[in-house]
Amino acid sequence: MVSNRLPFVLSRTADGGLVSRPGSGGLVTALLPVLRDRGGVWVGWPGIADHDADVEAALAGATGKAGYQLAPVMLGAEEVAGFYHGFSNEVLWPLFHDLQSLCNFDPAYWRSYGEVNHKYAQVVLDHARADDFVWVHDYQLLLLAAELRRAGLVAPLGFFLHIPFPPLDIYLKLPWRFTLLRALLDFDLIGFQTLRDQRNFLQCVRALLPAARVMQRGRLVRIDGHQVRVGSFPIGIDAGAFQRQASSPTVIAAAEALRAELPHRELILGVDRLDYTKGIPLRLTAFRTALRKYPDLQGRVTLLQVVVPSRDDIPQYRDLKTRIEQLVGEINGEFTRPGGWVPIHYVYRALDRLDLVAYYRAAHIALVTPLKDGMNLVAKEFCACSVGGDGVLILSEFAGAAAQLQHGALLVNPYDVEATADAIHQACMLPPAERRRRMTALRRAVRRQDVFGWVNGFLEAAIARDLGAFPLPEDYRPSAEAEQAYWDTELA
Ligand code: ADP
Ligand code: F6P
């Protein structure tokens, strides 16, 4: 397994000590249970720039406890700046989320990205044997197959993209579009989260690589004598573990305590890494619109917004934090009743897993409104933890999870602030039977397509010769009928 990060982040305290905390983000949550159960080698960066003896000792200790081997890739400060903050998170991240105006196409970033992919390849080569399966994850390592093949590795290489793949018109803006796309085709299997991403990728291959032939209804690409299989494998969560934790006495007590602090109120929960793709300012604006448009909600709903610090060396992330805090202040200033109701409770820190699960369990409504998201595991975790069966999920159409959760969630276009406000009101008013019907469907979908099924599906596809044997996942496209039905009700 190769990913940019190992599942924990080492950092220095002010007095030079070393601390380790779990990584946040969907990739780590998804891969941890898999490596723990299957064993293997996890190649990745431990999140710290120095390589002193105590770092070595911490890594060795972590390997002993983990049940799998850790193979660190040590990056210096310049590499972190150019490869991680630079090309990965100031070029690929915004571009692949359709936010090209936020990209900084600095050529120095591109050079660093190539060098660091080369460095990851060296660590993989130190560990991989010809009969191993090497599974590479996410946008930070798009050049890895090309590097490994150049070095002569013959082992089968799989790749899974955790984030979206953009449509052609957006991908075209990338100055290094041909090299990157061609390098991806050195993998043997490429997996996407949704059919949307697979379609976008194939559209780029058809348009930009005339030597490539797309065959078998988009499941196979042949180029320069090499065959690449392409599929959609929506990632899941360890639903059983979340459900068990949500049913534990500690979590039940914490969730009850939280609800007791907010009696007679609908608790609406938002949980996100600090990231502009998560749509937090528009969500807060929609919440404000709901309070203005439906005054009966005032005093009856509380929004608990948890924001996990992330990538805070990048200016746009710092600006986003300021914008969120300003909006929270404005909305609380407009509606707070002295000595009583405060509409938004804002938490800016990483939570322990049990605290997070207690929030999920206590919440009546989850508000998950990314502008675009590969999958969004928070939506699935909320469903798994809604063990009372009466939670309501409001979900962005542009989260990959919309395809699987479309039959139970209230879907919204996060750019449509009025419609999101209406969905908040609708969620608060849903009759109990309707809530249960929807949440039952959601919980079934999350359980059926969990992370273990995802791994098995991907690994079977890696071994199978023909992806035709694999069922296509469900697709999601917004429908005019649903929109019309909405307006009919609104106008009636
Ligand atoms: P992304 O990968 O873009 O961050 P996801 O919603 O797919 O978005 O994944 C977020 C993951 O981070 C979830 O698995 C969630 O459990 C985890 N997470 C969310 N909030 C916290 C928090 N406060 N502390 C630690 N982990 C968190
Ligand atoms: O799931 C998307 C993702 O970018 C992962 O690749 C990444 O590990 C996670 O979000 C969190 O971001 P970061 O590793 O930059 O802190």
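Along the sequence shown, the residues carry numbers beginning at 1. In each ligand, atom 1 is the first atom listed, and ligand 1 is the first ligand listed.
Under the 30°/60° scheme for interplanar angles, the aromatic rings of Trp110 and Phe87 are found to be tilted. Classification of the Phe458-Trp135 ring pair by plane angle, with boundaries at 30° and 60°, yields parallel. Classified by interplanar angle (parallel below 30°, tilted 30° to 60°, perpendicular above 60°), the ring pair Phe192/Phe201 is tilted.
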Result block: side-chain N/O donor-acceptor pairs under 3.5 angstrom for residues 344-351, not counting sequence neighbours:
residue	atom	partner	partner atom	Å
Tyr346	OH	Glu325	OE2	2.9

Using distance only, find each side-chain donor-acceptor pair of residues 38-46 under 3.5 Å and give its atom names and separation, not counting sequence neighbours.
residue	atom	partner	partner atom	Å
Arg38	NH2	Asn456	OD1	2.8
Trp42	NE1	Ser3	OG	2.9
Trp42	NE1	Arg5	O	3.4

Expected rows: ligand 2 N/O, protein N/O, dist below 3.5 Å:
residue	atom	partner	partner atom	Å
ligand 2	4 (O)	Tyr139	OH	3.3
ligand 2	4 (O)	Arg311	NH2	3.1
ligand 2	6 (O)	Asp138	OD2	2.5
ligand 2	6 (O)	Gln140	NE2	3.4
ligand 2	12 (O)	Arg311	NH2	2.9
ligand 2	14 (O)	Arg5	NE	2.7
ligand 2	15 (O)	Tyr84	OH	2.5
ligand 2	15 (O)	Arg311	NE	2.8
ligand 2	15 (O)	Arg311	NH2	3.1
ligand 2	16 (O)	Arg5	NE	3.3
ligand 2	16 (O)	Arg5	NH2	3.2
ligand 2	16 (O)	Tyr84	OH	3.4

Quick one: ligand 1 N/O to protein N/O pairs below 3.5 Å?
residue	atom	partner	partner atom	Å
ligand 1	2 (O)	Gly26	N	2.6
ligand 1	3 (O)	Arg273	NH2	2.9
ligand 1	3 (O)	Lys278	NZ	2.9
ligand 1	4 (O)	Arg273	NE	2.6
ligand 1	6 (O)	Leu377	N	3.1
ligand 1	6 (O)	Val378	N	3.2
ligand 1	7 (O)	Leu377	N	2.9
ligand 1	8 (O)	Lys278	NZ	3.0
ligand 1	9 (O)	Gly26	N	3.1
ligand 1	12 (O)	Gly25	N	3.1
ligand 1	14 (O)	Thr29	OG1	2.7
ligand 1	14 (O)	Glu381	OE2	2.5
ligand 1	16 (O)	Glu381	OE1	2.7
ligand 1	16 (O)	Glu381	OE2	3.2
ligand 1	23 (N)	Leu351	N	3.0
ligand 1	24 (N)	Leu351	N	2.9
ligand 1	24 (N)	Leu351	O	3.1

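Aromatic rings from Tyr317 and Tyr276 are positioned such that their centres are separated by under 6.0 Å.
Within 6.0 Å of CD on Glu78 lie no more than 12 heavy atoms contributed by other residues, nucleotides or ligands.
With hydrogens and angles ignored, the 3.5 Å screen pairs no side-chain donor or acceptor of Gln203 with any backbone N or O of Arg199. Lys380 contributes a side-chain N or O that, together with a main-chain N or O of Ile235, makes up a donor-acceptor pair within less than 3.5 Å.
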